[in-house]
Amino acid sequence: MSPPETRYARSGEVSIAYQVSGGGPLDLIYVPGFVSNLDLQWEAPGWSQLFARFGKFSRLIRFDKRGTGLSDRVSGSPNLDQRMDDVRAVMDAAGSSRAALFGVSEGGPMSLLFAATYPERARALVLYGSFARHPVLADKEALQRNLELIDHLWGTGEFIARNMFTTKVTDEVLRQIAHMERQSASPSAIAAILRMNSEIDVRHILPAVRTPTLVLHRIGDPRVSIEAGRYIAAQVPGARLVTLPGNNHLFTDDPLVTDRVADETEEFLTGARQDFDADRVLATVMFTDIVDSTRRAAELGDRQWRALVERHDAIVRGQLARFRGREIKSLGDGFLATFDGPARAVRCAASIAGAVHPLGIDVRAGLHTGEIELRGDDIAGIAVNIAARVAAAAGPGMALVSGTVRDLVAGSGLLFEDRGRHFLKGLPEDVQLYAAMASGAE
């Protein structure tokens, strides 16, 4: 999913990068935590899932803090006043006179201070995994240990992995975290941020926050303990605390928790959760593509390749019609389709592989069943991402399915070969995969 257009707001002599998405009736300012990168977060499945949900009920305005992400690099660490100035600059540039603020982790103290200082511009506050005084970094010895870790680990992914996850992450996830670290801030900038966070203390202004406030916190957060969230909820007049399951600092590791964060935020800000029955449905998603299509195209030449692809497309569309599949779009050398029944989807995938073989080509397919979001003639959601990753792991002539699909077709007579657990890029956990061994007979 491509990120929204990046624009820049001038805050004094500094340019602050921001993006606007969604089209809901209220403005929601997303105040990032420790580090961020607008483009990389938008492309990550967990974050994009959250941003898409927020865009259903709000005009979502996101930004990178000065010194991080796509915003100007600065010397030292900005103070809370400067950060408030940056939020106001972004709001003004985006044409927002009043907005709700969603503050993550270290974005919370600034959001609290902003609401108390500019109550006319803050209609509501939602704080996730946040604190009034950092429960770890406020201790000088703990701060020093963190600074030493920055010197050795920043840019490798290990700093965030060790501090924000309680379980060991896979090598691929670690590489993704490392990329985010390097693209978000330099080691010296991170050290300055840590020092500032060690000094933040907004405890005394909490009773002055009159803005409606929702506090969300995971019960086993290893970086910012649940007690920090409870303290805010107890001190801000009328604030409400909602505890969430899980033992990691962030919520994007678990799609169900991500949806819960979106649900609670929407209900708090709008008074109701939207009914998504019309545009969120359970479906089996199938991706197909021609194996080694680039090589075959070069061997055949443009004219013969186009003729072959046209014959391939006709066969695939014929099988989709036979098994009641819905063509979402052609991908040049493959298709994206959905089915209202997983067994039909598996049979269709197997039938396509057999039907195109006489053309001298092999087609691979990947299938996963999950909730998808309907966007006009297109679809989106984590189930689509998983199906695409499953397809990429399939071999020539293979219909590879997730464990979810295999479990849902029990009793159908379909047979599968266990292909083990695989890491699929962008997903927090390995996924069990199976190769379909059945014919296309209904």
Side-chain angles (χ1 to χ4, degrees), residues 1-6 19-24 38-60 62 252 255 258-259 262 266 274-290 293 309-310 312-342 344-346 348-349 352 363-392 394 399-402 404-405 424-427:
M1 183 162 48
S2 299
E5 178 184 3
T6 299
Q19 295 177 354
V20 180
S21 61
L38 291 173
D39 288 346
L40 292 183
Q41 278 192 305
W42 185 266
E43 294 169 356
W47 292 109
S48 61
Q49 176 187 351
L50 179 74
F51 299 152
R53 286 293 310 276
F54 279 177
K56 286 289 186 180
F57 62 88
S58 74
R59 187 172 71 115
L60 179 62
R62 301 164 42 245
T252 51
T258 304
D259 272 338
E266 179 179 10
Q274 290 185 17
D275 182 0
F276 288 97
D277 289 346
D279 61 0
R280 295 182 72 87
V281 300
L282 188 72
T284 299
V285 181
M286 180 179 75
F287 278 90
T288 70
D289 72 341
I290 300 173
S293 59
V309 169
E310 288 174 1
H312 158 272
D313 290 355
I315 290 173
V316 173
R317 289 187 170 114
Q319 296 303 319
L320 289 176
R322 177 187 174 192
F323 292 98
R324 288 170 44 188
R326 177 194 170 203
E327 177 184 339
I328 302 301
K329 56 187 172 184
S330 170
L331 303 173
D333 60 352
F335 282 85
L336 168 61
T338 60
F339 298 79
D340 56 7
R344 280 193 299 275
V346 175
C348 183
I352 288 172
V363 168
R364 60 183 176 183
L367 298 92
H368 177 67
T369 301
E371 190 179 46
I372 63 171
E373 181 182 348
L374 305 178
R375 296 184 175 180
D377 294 331
D378 206 354
I379 60 174
I382 193 168
V384 181
N385 295 332
I386 293 175
R389 304 304 190 203
V390 173
L400 198 63
V401 309
S402 67
T404 302
V405 173
L424 303 181
K425 184 178 179 181
L427 300 180

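Nothing here was measured: the structure is a model prediction, and the numbers come from that model. Throughout, residue positions are numbered sequentially from 1 according to the sequence presented.
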What distance separates Ile382 CD1 from Asp259 CG, expressed to the nearest 0.5 Å?
-> 9.0 Å
Please report the closest heavy-atom contact between [X] and [Y], naming both atoms and the distance.
{"X": "Gln49", "Y": "Pro255", "result": "NE2-O, 3.1 Å"}
{"X": "Arg53", "Y": "Ala262", "result": "CB-CB, 3.7 Å"}
{"X": "Thr369", "Y": "Ser402", "result": "N-OG, 4.3 Å"}
{"X": "Lys329", "Y": "Asp378", "result": "NZ-OD2, 3.4 Å"}
{"X": "Ala349", "Y": "Ala365", "result": "CB-CB, 3.9 Å"}
{"X": "Ile352", "Y": "Gln319", "result": "CG1-CB, 3.7 Å"}

Taking the side chain as every heavy atom from C-beta outward, state whether [X] and [Y] have any atom pair closer than 4.5 Å.
{"X": "Glu373", "Y": "Lys56", "result": "yes"}
{"X": "Thr252", "Y": "Leu50", "result": "no"}
{"X": "Phe287", "Y": "Val384", "result": "yes"}
{"X": "Ser330", "Y": "Arg317", "result": "yes"}
{"X": "Leu336", "Y": "Ile379", "result": "yes"}
{"X": "Asp340", "Y": "Arg326", "result": "no"}

With a 3.5 Å distance limit and no angle check, can you tell me whether [X] reaches the backbone of [Y] through a side-chain donor-acceptor pair?
{"X": "Glu327", "Y": "Leu320", "result": "no"}
{"X": "Thr288", "Y": "Phe335", "result": "yes"}
{"X": "Arg62", "Y": "Leu38", "result": "yes"}

Partners of Phe54 by ring pair (Phe, Tyr, Trp, His ring centres under 6.0 Å), sequence neighbours excluded?
-> Phe57, Phe102
Results of salt bridge (Lys or Arg N to Asp or Glu O under 4.0 Å) for Glu5 - residues two or more places apart only = Arg7
Within a reach of under 6.0 Å around CZ of Arg324, are more than 12 heavy atoms found that belong to other residues, nucleotides or ligands?
-> no
Carefully, step by step, assess His368 and Val285 under the rule side chain to side chain contact (heavy atoms under 4.5 Å, CB included).
-> CA-CA 5 Å; His368 177 67; Val285 181; 5.6 Å; no
Side chain to side chain contact (heavy atoms under 4.5 Å, CB included) with Ala345: which residues, sequence neighbours excluded?
-> Thr284, Phe339, Leu367
Given Asp289 and Leu331, is the side chain to side chain contact (heavy atoms under 4.5 Å, CB included) satisfied, shown in steps?
-> CA-CA 8 Å; Asp289 72 341; Leu331 303 173; over 6 Å; no
